[in-house]
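Beneath this line is the structure, given in structure tokens, with notes to follow.
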Amino acid sequence: MSRLQVVSGKGGTGKTTVAAALALALATEGKRTLLVEVEGRQGIAQLFETEALPYEERKIAVAPGGGEVYALAIDPELALLDYLQMFYKLGGAGRALKKLGAIDFATTVAPGLRDVLLTGKACEAVRRKDKQGRFAYDCVVMDAPPTGRITRFLNVNDEVAGLAKIGPIHNQAQAVMRVLKSPETAVHLVTLLEEMPVQETADGIAELGAARLPVGRIMVNMVRPAPLDETALRLGLDRPPRKAIAESLSAAGLGDTRRGGGAERLVEPLLEQASEYAERYSLEEDQRAVLTEFGRPLHELPLLSGGMDLAGLYELATALRKQGIA
């Protein structure tokens with residue numbers, strides 16, 4: 001299992017939710033996981049129903065078996081101050097630069113530098129060890145930018161090529177890339193069983209592969225339950241047993257079976273609903289087949305009818321554990 005788990009996906013697929021559930025799933029049986037946010041949206045805090053995350057590693061949840069989930073919202077400006085102190089020992093001078101707006105200017109005009117800082121902080125957590133030589137975290141999960149930007153975000157070496165050919169920035173970028181392109185890292189893509197997210201997943205896999213970044217698993221989120229399989233749907237719609245349906249409705253107390261009775265009036269709306277479901281089922285099966293062709297491990301997470309809350313997050317984590325994610 002890779003120690004840095006990067007989670008990306010098309011906007012609206014629930015990648016932050018999946019990243020959080022993955023962190024919980026990995027933090028089992030006493031393991032420690034760090035969940036990292038890089039986009040400044042405080043989505044992790046909302047999911048775990050806690051206050052906004054500061055720029056520090058803070059425990060936010062306990063996983064089954066006593067494992068712990070820590071979270072960190074990386075602020076690029078503060079990360080740059082850390083960087084200046086680490087490599088240049090600027091200390092108070094760095095804070096003075098922040099007051100003058102120089103830090104904000106640097107991270108805004110040099111987006112490559114910003115990505116080095118964000119990915120570098122996550123990679124530092126992956127490599128960090130305690131005084132006994134043990135890793136500080138068993139796994140680090142990064143809630144990364146969407147699929148359309150993930151390859152450029154992770155491929156920081158190309159981004160900083162125009163900024164620095166040598167020196168600490170160059171060396172830092174190289175160290176980050178050694179982690180990101182190693183077996184220590186896996187980039188997971190979150191999708192839905194819909195054409196556009198699946199196409200963006202296909203594009204993401206191709207771009208990551210071209211950049212020699214390690215593609216991990218495909219996470220299919222918000223999968224609806226399938227009360228009927230294809231065979232049952234075909235039989236029911238080709239030769240709909242109207243009389244039997246009306247009798248079943250009547251037996252359930254939904255009107256009687258007399259001509260024009262309540263049960264009989266419900267049959268056509270139910271068959272229309274079944275037809276709509278059959279169409280959706282067929283489309284979803286087509287997209288599932290496309291995802292299978294990518295040859296990556298495929299995990300499906302259920303659509304939670306009650307909406308997403310902390311209990312739902314633990315439910316998704318359990319689903320991932322059952323599918324062998326941890």
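Being a predicted model, the structure only gives us computed values, none of them experimental. Computation of the quantities below employed the complete heavy-atom set of this structure, encompassing side-chain atoms and omitting hydrogens, waters and symmetry-equivalent molecules.
Taking the side chain as every heavy atom from C-beta outward, Arg321 and Pro64 approach each other to under 4.5 Å. Here the side chains of Glu57 and Tyr137 are in contact, with some heavy-atom distance below 4.5 Å. With a 4.5 Å cut-off on side-chain heavy atoms, Leu301 and Met222 do not count as touching. His188 places none of its side-chain heavy atoms less than 4.5 Å from the side chain of Ile218. Within the 4.5 Å cutoff, side-chain heavy atoms of Asn155 are placed close to those of Met177. Residues Leu304 and Pro302 have side chains in contact (heavy-atom distance under 4.5 Å, counting atoms from C-beta outward). Using a 4.5 Å heavy-atom cutoff, the side chains of Lys129 and Arg134 are not in contact. Between Asp203 and Gln199, some side-chain heavy-atom pair lies under the 4.5 Å cut-off.
Without hydrogens or angle criteria, Ser2 side chain to Pro183 main chain gives a donor-acceptor distance under 3.5 Å. A donor-acceptor pair under 3.5 Å links the side-chain atoms of Thr185 to the main chain of Val179, judged by distance alone. Not one N or O on the side chain of Glu49 forms a donor-acceptor pair closer than 3.5 Å with the backbone of Gln46. Between the side chain of Glu37 and the backbone N or O of Gln42, at least one donor-acceptor pair lies under 3.5 Å. Side-chain N or O atoms of Ser182 include one that pairs as donor or acceptor with a backbone N or O of Glu184 at under 3.5 Å. For Lys121 (side chain) and Val36 (main-chain N/O), no donor-acceptor pair under 3.5 Å exists by modelled atom type.
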Exercise. Between His299 and Arg217, does a side-chain hydrogen bond (donor to acceptor under 3.5 Å, both in side chains) hold up when you go through it step by step?
Worked result: CA-CA 7 Å; His299 300 271; Arg217 303 162 186 258; 2.8 Å; yes
For this session: Apply side-chain contact (heavy atoms from CB on, under 4.5 Å) to Leu180 and Val187, showing your working.
Result: CA-CA 9 Å; Leu180 293 179; Val187 184; over 6 Å; no
For this session: Check the pair Asp286 / Tyr281 against side-chain contact (heavy atoms from CB on, under 4.5 Å), numbers first and verdict last.
Result: CA-CA 9 Å; Asp286 289 344; Tyr281 178 91; over 6 Å; no
For this session: Go through Leu34 and Leu72 one step at a time and tell me if the side-chain contact (heavy atoms from CB on, under 4.5 Å) criterion holds.
Result: CA-CA 7 Å; Leu34 177 65; Leu72 170 66; 4.1 Å; yes
Exercise. Does the pair Val38 and Asp143 meet the rule for a side-chain contact (heavy atoms from CB on, under 4.5 Å), with working shown?
Worked result: CA-CA 7 Å; Val38 298; Asp143 176 23; over 6 Å; no
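The hydrophobic clustering, which links ILVMFWY residues whose side-chain heavy atoms are closer than 4.5 Å, places Met308 and Val69 together. Phe135 and Val126 are assigned to two separate hydrophobic clusters, defined by single-linkage of ILVMFWY side chains at heavy-atom distances under 4.5 Å. Leu310 and Leu316 end up in the same hydrophobic cluster when Ile, Leu, Val, Met, Phe, Trp and Tyr side chains are linked at under 4.5 Å. Residues Leu291 and Leu192 fall into different hydrophobic clusters, defined by Ile, Leu, Val, Met, Phe, Trp and Tyr side chains chained together at heavy-atom separations under 4.5 Å.
Within 6.0 Å of NZ on Lys31 lie no more than 12 heavy atoms contributed by other residues, nucleotides or ligands.
For the pairing with Tyr70, the side chain to side chain donor-acceptor pair (under 3.5 Å) check across Arg32, Glu56, Arg58 returns one residue only, Arg32.
The salt bridge (Lys or Arg N to Asp or Glu O under 4.0 Å) test applied to Arg224 returns Glu284, not counting sequence neighbours.
Classification of Arg280 and Glu285 as a salt-bridged pair fails, no side-chain N sitting under 4.0 Å from a carboxylate O. The pair Asp138-Arg3 does not meet the salt-bridge criterion, since no charged nitrogen lies less than 4.0 angstrom from a carboxylate oxygen. Electrostatic pairing of Glu300 and Arg288 counts as a salt bridge here, judged by a charged N lying under 4.0 Å from a carboxylate O. One finds a salt bridge joining Arg149 and Glu39 here, because a Lys/Arg side-chain nitrogen approaches an Asp/Glu carboxylate oxygen to under 4.0 Å.
For the atom pair CG (Leu208) and CG (Leu189), the distance works out to 6.0 Å, reported to the nearest 0.5 Å. Atom CG of Leu22 sits about 13.0 Å away from atom NZ of Lys15, to the nearest 0.5 Å. To the nearest 0.5 Å, atom CD of residue Gln287 and atom CD of residue Glu195 are 5.5 Å apart. Phe48 CZ to Leu53 CG: the interatomic distance, rounded to the nearest 0.5 Å, is 9.5 Å. To the nearest 0.5 Å, atom CG of residue Leu298 and atom CZ of residue Arg296 are 11.0 Å apart. Within the model, atoms OH of Tyr55 and CG of Asp75 stand 7.5 Å from one another, a figure rounded to the nearest 0.5 Å.
Taking all atoms of both residues into account, the shortest heavy-atom contact from Thr201 to Phe294 is CG2-CE1, 4.5 Å. Here the closest heavy-atom approach between residue Gly204 and residue Thr151 is recorded as O-OG1, 4.5 Å. In plain terms, the two heavy atoms of Val62 and Tyr314 that are nearest each other are O-OH, 2.8 Å. For Thr13 against Thr191, the heavy-atom pair with the smallest separation is CG2-CA, 4.1 Å. Of all non-hydrogen atoms in Ala23 and Thr33, the two that sit nearest each other are O-OG1, 3.7 Å. Across every non-hydrogen atom of Gly11 and Pro146, the tightest pair is N-CB, 4.5 Å.
For Thr16 and Arg41, the side-chain atoms include at least one donor-acceptor pair closer than 3.5 Å.
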